[in-house]
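Here is the structure we will look at.
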Amino acid sequence: MTMANVIDISEYQDPAKFDYQAAKSNGIKAVIIRLSVGNRRDNHAAEHIANCKKYGLKWHGYHYWYNLSGEAAFAISDAQSLGLTSSQYFFLDMEDKTLSSDWSAQFESFRSAVGDKYKIGLYCSDSPYKSHFDNAKMVAEGVYRWIAAYSYEPANYDTWQMSGEGSGGFGSYTGDVDRDYDKTGNLFKEEAQPITPSTTPLYRQIIGEAGYDTDSGIYGLGRSYDNGKTFHVMDTVYGRIYRQQDGDSIWPFLQPKVGTIKGEKGDKGDDGTNGKDGQTWQPYIADDGYWHIKMISDTATQSIVGVLTSGDADILTVNDSYRVNGTISNVPTAEGLLTVRTSGTEVWQTYIDSATADCYTRTRHNGTWSKWRWTTQWPNS
């Protein structure tokens, strides 16, 4: 059974009572609204249009034709003021009994007046359509044929008005509503929207794709931030390639730990004139602020591994030696040599002032630091 997908309404359907949502829920996708009749506007055309937009229903218009003086010009202008556009259909309803027999000539006059302002359509019953119009000519001219036949399906149509009086309503609206079937779907087809090319440059972010490094030419997996113009390879068959920015990113996490690194005893060198016993190498920060490495001849002797310019001496509880030169909390003076010795939980710190060579000492016992004590240095005589 053919199901209606379109309805047509006019001022006979009160928009204050009409149930648009129920019509939509029952498969209605488009509405053909009577916009005008003779030389006047349909009393509820504007309200029906507004409600179709509100409920998301496609809409088109039709004009009930009397063939009055100036009627075509009025109907076309009025449709435009109601918002009908060139992408919508405007049907001429030819059914009134007062019309003279030259229906085809009247329609052609109306079609000519419409021009390209709207898509043109014709409504009439099947019998007068076959009597007054050449179907092949209508098809060739692109006229959308809306044909009424209540007891059978007409042979030639684009939209078929299947029922009229006695059709019943939708939902809470119980009045009659004409049912129609649009077999081509043109009345509810979505119009293609033109695409405006973007003038903004588009860049594709490339991560983990294969290519050649723009600096070295090495092939591997890499990344690009500018759509491949600059390509940095990270992983190759020879291993991973690191760049300065990689080191800069990880350095803030390594810097706090580097100051605690001690050198380990080296392997014993080869025998011979160039052979050397194993040595200890330790890193340290020099006065220039950079890390250096030095060899310690006596592996039992602790060496200065860093220059302290800030911090707190209370937290230095590991065997080591430090050059103090800056704002350090809990040391006797601003510049000197600090040595730390530990045994179990006991900690002993000694401090030599660089300016006076005075010696100080203190201990941490059971988690509590003693005060710094200035030691007396008796001369060796």
Side-chain angles (χ1 to χ4, degrees), residues 1-13 18 22-24 26-38 42 48 52 57-67 75 88-111 114 118-170 173-189:
M1 180 180 177
T2 303
M3 299 295 294
N5 50 25
V6 177
I7 55 175
D8 58 274
I9 57 179
S10 68
E11 62 191 29
Y12 295 110
Q13 286 77 37
F18 194 79
K24 184 176 180 180
N26 279 273
I28 301 305
K29 300 178 180 179
V31 181
I32 306 174
I33 302 170
R34 190 173 78 170
L35 306 183
S36 51
V37 50
D42 183 282
H48 283 313
C52 282
L57 290 163
K58 293 284 185 180
W59 69 275
H60 304 273
Y62 78 93
H63 171 77
Y64 190 94
W65 181 249
Y66 282 116
N67 196 24
Q88 294 169 285
Y89 286 93
F90 194 27
F91 294 91
L92 184 65
D93 181 348
M94 300 188 74
E95 60 177 291
D96 198 79
K97 294 180 174 58
T98 64
L99 294 178
S100 58
S101 61
D102 59 340
W103 284 26
S104 179
Q106 293 177 51
F107 176 77
E108 287 300 323
S109 177
F110 182 82
R111 188 175 72 85
V114 169
Y118 318 111
K119 295 180 180 179
I120 193 67
L122 168 70
Y123 170 86
C124 69
S125 296
D126 186 41
S127 179
Y129 177 74
K130 290 185 289 188
S131 300
H132 295 290
F133 296 96
D134 181 344
N135 183 64
K137 182 174 183 293
M138 298 293 278
V139 172
E141 291 178 346
V143 177
Y144 213 64
R145 302 159 299 167
W146 178 19
I147 307 301
Y150 297 159
S151 59
Y152 63 93
E153 181 177 357
N156 302 302
Y157 73 91
D158 297 299
T159 296
W160 168 26
Q161 188 182 70
M162 301 184 294
S163 62
E165 186 177 353
S167 299
F170 293 96
Y173 184 77
T174 57
D176 288 336
V177 182
D178 295 342
R179 264 78 160 172
D180 307 274
Y181 170 65
D182 181 30
K183 69 177 179 181
T184 65
N186 285 344
L187 295 183
F188 46 83
K189 186 181 297 181

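Every pair tested for salt bridge (charged side-chain N to carboxylate O under 4.0 Å, His left out) that includes a residue from residues 92-107 fails, sequence neighbours excluded, so the list is empty.
Between Phe90 and Phe110, the ring planes lie tilted relative to each other; the angle falls in the 30° to 60° range. Classification of the Tyr173-Phe18 ring pair by plane angle, with boundaries at 30° and 60°, yields tilted. In this pair, Tyr157 and Trp160 present their aromatic rings tilted. The plane angle is within the 30 to 60° band.
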Determine whether Phe133 and Val143 satisfy the following criterion, side chain to side chain contact (heavy atoms under 4.5 Å, CB included), listing intermediate values before the conclusion.
CA-CA 11 Å; Phe133 296 96; Val143 177; over 6 Å; no

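Within the 3.5 Å criterion, the main-chain N or O of Ser101 finds a donor-acceptor partner in the side chain of His132. Judged purely by atom type and a 3.5 angstrom limit, Arg34 has no side-chain atom pairing as donor or acceptor with the backbone of Asp8. Between the side chain of Asp126 and the main chain of Pro154, no donor-acceptor pair closer than 3.5 Å is present. With Gln13 contributing its side chain and Ser10 its backbone, the two residues share a donor-acceptor pair below 3.5 Å.
A heavy-atom distance below 4.5 Å is not found between the side chains of Thr159 and Tyr123.
By the salt bridge (Lys or Arg N to Asp or Glu O under 4.0 Å) test, Lys119 pairs with Glu191, sequence neighbours left out.
Figure legend: cation-pi geometry between Arg111 and Tyr144 absent, as NZ or CZ is not positioned both under 6.0 Å from the six-membered ring centre and within 45° of its axis.
Checked against the 6.0 Å centroid criterion, the rings of Tyr64 and Tyr62 do not qualify as a close aromatic pair.
In this structure, the separation between CG on Asp180 and CD1 on Ile28 is 8.0 Å, given to the nearest 0.5 Å.
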